[in-house]
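A short worksheet on the structure shown next.
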Amino acid sequence: MGKKTNIGLALAASGAALWAGSKMASKPVKRPAKKYFEGEKPRIYAHRGGADLAPESSMAAFKHAAELGVNGFEIDVRLTKDEQLVVFHDRFIDRTTDGAGRVADYTLDELKDFDLGFHFRDLQGKQTYRGKGEKIITLKELLEAFPDHLINIDMKEDPDTYEGSLMPSKVWRLIEKMGVEDRVLVTSFYDEQIDRFSLYAQDRVAIGAGENEARKAFSLFKSGFGHLYYPKADALQIPTKHGVIPLDSQSFIEFLDSLNVHVEYWTVNDVETMDRLLRYGAHGLVTDRPDIALQLVSSE
């Protein structure tokens, strides 16, 4: 037996010993249950209200999705010049309105002058909402308009910006003031924003994992060291792939489920992928086509 072989065997034995030792010393710690996740599953969330069916983040989109029967909405929030929380995805208003510039450079009243349906085209390519009075809405308006729906809130502002520094506290204060702690889930691409929000919420609101937390969960699971994962979030909202790495694994969903971490996939718009994820046990789907997703769920 050669020297390289002996070294390889020694490393393998060392790795196995490390795994066994960590397995014996580690006990799984489940996330405490949140009321937000009670009730039927899987859940269908209209992405920005169902962006293929009506202007994204518009009241028309949310109303249509609610009429279809969705469980809730996946939305994004940004901060205006006068520090109002608005339901809006992009940093700039150019793509979805007849205006131009940053959301943060306008007051709420100024933003409401723009046509949110200006660029939208329906499934037949027609501009059915231009000039129909669709306006940018606030998070407060959305919460008031749909008291029976779940709201998945993504804090979009970068934590290093002025708007980002204010957002976690602004979101928490609104949630607390309106008493909607049990029907919102708050998340962000930035782990730092979630940590800041959690300082205010103190585990009274369901939170989603940021990019780093999601990466840690998958890396530990994939490496066989999943027993060392101690979840800091109540849900992972992930795409089916990260680059070339597939994330839509049934075993990964079951691993997270065993820790009471809910798994929701975005943005899923085709029947085949929806069907596969539901068979794997995904807890929720975020989709631009809630009509298709709801029909699929009802047929199962």
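All of these numbers come straight from a predicted model, not from anything done at the bench.
Here the OG1-NZ distance, from Thr97 to Lys112, works out to 13.0 Å after rounding to the nearest 0.5 Å. In this structure, NE2 on His262 lies 9.5 Å from CG on Leu185, to the nearest 0.5 angstrom. Between atom OH of residue Tyr45 and atom OH of residue Tyr265 there is a gap of 15.0 Å, rounded to the nearest 0.5 Å. Between the CD atom of Glu254 and the CG atom of Leu259 there is a distance of 12.5 Å, given to the nearest 0.5 Å. Distance check, rounded to the nearest 0.5 Å: CG of Leu79 to CE of Met155 gives 12.0 Å.
Taking each heavy atom of Ser249 and Ser251 in turn, the nearest pair found is OG-OG, 2.8 Å. Considering every non-hydrogen atom in both Leu256 and Ala217, the closest pair reads CD2-CB, 4.4 Å. Taking both residues in full, the closest heavy atoms of Val29 and Pro231 are given as O-CD, 3.6 Å, listed atom of the first, atom of the second, then distance. For the pair Leu53 and Asp288, the tightest heavy-atom approach, listed with the atom from each and the gap, is CG-O, 4.0 Å. Across every non-hydrogen atom of Ala209 and Ala214, the tightest pair is CB-N, 4.2 Å. Minimum interatomic distance between Ala233 and Glu213 (heavy atoms only, all atoms of both residues): N-OE2, 4.2 Å.
Look at Glu67 and Lys63 and you find no salt bridge, because none of the NZ, NE, NH1 or NH2 atoms lies under 4.0 Å from a carboxylate O. Under 4.0 Å is where a charged nitrogen must lie from a carboxylate oxygen, and between Arg95 and Glu56 at least one such pair does.
Partner of Phe73 under the side-chain contact (heavy atoms from CB on, under 4.5 Å) criterion, chosen from His149, His47, Arg48: His149. Partner of Asp234 under the salt bridge (charged side-chain N to carboxylate O under 4.0 Å, His left out) criterion, out of Arg204, Arg31, Lys35: Arg31 alone.
Both cation-pi conditions hold for Arg130 and Phe118: the charged atom is under 6.0 angstrom from the six-membered ring centre and inside a 45 degree cone around its axis. Within the cation-pi definition used here (under 6.0 Å to the ring centroid, within 45° of the axis), Arg43 qualifies as a partner of Tyr36.
No side-chain donor from either of Thr107 and Asp109 sits under 3.5 Å from a side-chain acceptor of the other. In summary, the side chains of Asp257 and His283 do present a donor paired with an acceptor at a separation below 3.5 Å, with no hydrogens or angles considered. Side-chain contact of Thr287 with Asn269: a donor-acceptor pair under 3.5 Å is present, judged by distance alone. For Thr273 and Asp270, the side-chain atoms include at least one donor-acceptor pair closer than 3.5 Å.
Other residues, nucleotides and ligands place more than 12 heavy atoms under 6.0 Å from the NZ atom of Lys135. With a 6.0 Å radius and a threshold of 12 heavy atoms from other residues, nucleotides or ligands, Phe92 has its CZ atom above the threshold. A 6.0 Å sphere centred on NZ of Lys41 holds more than 12 heavy atoms belonging to other residues, nucleotides or ligands. Environment of CD in Gln250: crowded, with over 12 heavy atoms of neighbouring residues, nucleotides or ligands closer than 6.0 Å. Atom CD of Gln202 is surrounded by more than 12 heavy atoms from other residues, nucleotides or ligands within 6.0 Å. No more than 12 heavy atoms of other residues, nucleotides or ligands shown are found within 6.0 angstrom of NZ on Lys30.
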| task | Test Phe221 against Tyr229 for side-chain contact (heavy atoms from CB on, under 4.5 Å), laying out the working first. | result | CA-CA 8 Å; Phe221 162 77; Tyr229 178 57; over 6 Å; no
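Between His227 and Phe225, the gap from one ring centroid to the other is short of 6.0 Å. Residues Tyr280 and Phe252 keep their aromatic ring centres 6.0 Å or farther apart.
Inter-residue side-chain proximity for Ile136 and Val87 is flagged as unmet; no heavy-atom pair is nearer than 4.5 Å. Looking at Val77 and Asp154, their side chains never come closer than 4.5 Å, going by heavy atoms from C-beta outward.
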